Amino acid sequence: DLRMFRDRNFAMGTVFIFIVSVTVFAALALLPPFLQSLMGYSVMDSGILIAPRGVAAMISMISAGMLMRWIDARVLVFAGLLISAYSQYMMWGFDLEMNSTPVVLSGLVGGVGLGLVFVPISALTFTTLNARFRTEATSFFALSRNFGQSMGIALVSAVLTNMVQVNQTVLGSHLTATSPEVAKQLPAILTGNQEWLAVAQLLVQQQAAMVSYLDDFVLMTWVTLAAIPIVFLLRGAKAAPAGSTGAHVALD
């Protein structure tokens with residue numbers, strides 16, 4: 001029933017959850033291959049490093065449900081977006097020499113932001129919607145979230161693949177016969193010693209992949225910040241019309 005999109009909170013909430021899902025779940029898709037292929041962690045260790053994000057999200061979601069009794073849900077969503085964006089900003093500092101601490105800390109911060117976003121936005125999306133639309137609206141809301149997840153994973157994967165090629169070309173272009181490091185190895189190369197070339201190629205590939213992951217983290221940060229204006233288009237619980245019932249009770 002297309003009439004449900006006349007409700008501003010539902011229409012904006014659906015767009016919002018799509019945008020946020022693009023970035024939140026894209027990070028979960030990027031981290032395992034990053035940790036395993038570039039940082040050298042095993043599958044089990046990668047899972048352990050990512051697990052704190054889920055624990056923090058669970059605690060944050062429980063806390064958000066209680067905080068909505070005293071704090072406007074829009075304030076919580078706004079704070080959650082800023083925290084999520086800061087978590088992604090922390091990932092800008094990742095490098096091949098770091099230990100596991102930055103991964104765990106950024107995951108904890110991201111989990112807190114995730115909980116503060118998802119619970120309040122779910123309440124705000126349905127708080128002004130007429131009760132007769134809620135069954136259908138809930139399905140469409142879930143569809144938007146799942147579609148956003150799929151789009152996010154596809155987007156960051158495409159960007160990663162493309163930027164690896166671009167960055168590898170750019171980095172490789174600096175390895176010329178006139179480069180100081182190449183000049184030192186030139187006699188060995190000319191006499192048939194290809195070991196240095198193999199090592200140089202491997203390093204260029206690793207650095208190109210690292211820079212490409214950082215490009216994705218930057219993109220995710222800006223997409224998250226792009227969702228902030230939607231928060232100001234949402235109505236609070238007290239703006240609910242007389243015909244709506246149910247969802248606003250949790251926000252009173």
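Numbering of residues begins at 1 and proceeds along the displayed sequence. Predicted model only: the values in this text are computed from it and were never measured.
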Partners passing side-chain hydrogen bond (donor to acceptor under 3.5 Å, both in side chains) against [X] (at least two apart in sequence or in another chain):
{"X": "Asp45", "value": "Ser42"}
{"X": "Thr101", "value": "Asn99"}
{"X": "Asn167", "value": "Ser212, Asp215"}

Is there a continuous path of hydrophobic side-chain contacts, each under 4.5 Å between heavy atoms, that joins [X] to [Y]?
{"X": "Phe5", "Y": "Ile19", "result": "yes"}
{"X": "Met91", "Y": "Leu214", "result": "yes"}
{"X": "Val75", "Y": "Leu233", "result": "yes"}
{"X": "Met98", "Y": "Val211", "result": "no"}
{"X": "Val15", "Y": "Phe25", "result": "yes"}

Note, [X] side chain near [Y] side chain (heavy atom, < 4.5 Å):
{"X": "Leu28", "Y": "Ile50", "answer": "yes"}
{"X": "Leu96", "Y": "Gln207", "answer": "yes"}
{"X": "Val104", "Y": "Leu108", "answer": "yes"}
{"X": "Asn146", "Y": "Leu143", "answer": "no"}
{"X": "Leu219", "Y": "Leu155", "answer": "yes"}
{"X": "Arg53", "Y": "Met58", "answer": "no"}

Check: CE of Met210: more than 12 outside heavy atoms within 6.0 angstrom?
Finding: yes
Check: Around atom OH of Tyr41, are there more than 12 heavy atoms of other residues, nucleotides or ligands at under 6.0 Å?
Finding: yes
Roughly how far apart are [X] [atom1] and [Y] [atom2], rounded to 0.5 Å?
{"X": "Thr135", "Y": "Met4", "atom1": "OG1", "atom2": "CE", "answer": "11.0 Å"}
{"X": "Asp95", "Y": "Met39", "atom1": "CG", "atom2": "CE", "answer": "7.0 Å"}
{"X": "Leu82", "Y": "Ser87", "atom1": "CG", "atom2": "OG", "answer": "12.5 Å"}
{"X": "Asn9", "Y": "Leu234", "atom1": "CG", "atom2": "CG", "answer": "5.0 Å"}
{"X": "Asp216", "Y": "Leu30", "atom1": "CG", "atom2": "CG", "answer": "5.0 Å"}
{"X": "Ile59", "Y": "Ile62", "atom1": "CD1", "atom2": "CD1", "answer": "7.5 Å"}

Notebook entry, point to check: Counting distance only, does the side-chain N/O of Gln88 pair as donor-acceptor with the main-chain N or O of Val218 below 3.5 Å?
Noted result: no
Item checked: Test item: Ser157 side-chain N/O and Ala154 main-chain N/O as donor-acceptor pair under 3.5 Å -> no
Set of side chain to side chain contact (heavy atoms under 4.5 Å, CB included) partners for [X], sequence neighbours left out:
{"X": "Ser37", "value": "Tyr213"}
{"X": "Ala27", "value": "Met220"}
{"X": "Arg8", "value": "Met12, Arg235"}

Check: Can you name the nearest heavy-atom pair linking Ala29 to Ile153, along with the distance?
Finding: CB-CG1, 3.8 Å
Checklist line | Least distance between heavy atoms, Val231 atom then Arg74 atom | finding: CG1-O, 3.6 Å
Note to self: Can you pull out every ring pair (Phe, Tyr, Trp, His ring centres under 6.0 Å) where at least one residue sits in residues 147-170? Sequence neighbours excluded, please.
What the structure shows: Phe18-Phe147
Notebook entry, point to check: Can you pull the ring pair (Phe, Tyr, Trp, His ring centres under 6.0 Å) pairs that have at least one residue in residues 90-110, sequence neighbours excluded?
Noted result: Phe34-Phe94, Tyr89-Trp92, Phe94-Phe217
Note to self: Please list all pairs meeting side chain to side chain donor-acceptor pair (under 3.5 Å) that have one or both residues in residues 10-29, counting only residues at least two apart or in different chains.
What the structure shows: Thr23-Thr224
Checklist line | Cluster companions of Val43 among Ile, Leu, Val, Met, Phe, Trp, Tyr (side-chain spacing under 4.5 Å) | finding: none
Check: Does Met44 sit in a hydrophobic cluster with other residues, and if so which ones, taking ILVMFWY side chains as linked at heavy-atom separations under 4.5 Å, directly or through other members?
Finding: Ile48
Contacts table for residues 112-126: side-chain donor-acceptor under 3.5 angstrom, sequence neighbours left out:
from, atom 1, to, atom 2, distance (Å)
Ser122, OG, Phe118, O, 2.8
Thr125, OG1, Ile121, O, 2.6

Checklist line | Phe10 and Phe133 aromatic centres sub-6.0 Å | finding: no
Checklist line | Sole residue of Val164, Val159, Val166, Leu160 in side chain to side chain contact (heavy atoms under 4.5 Å, CB included) with Asn162 | finding: Val166
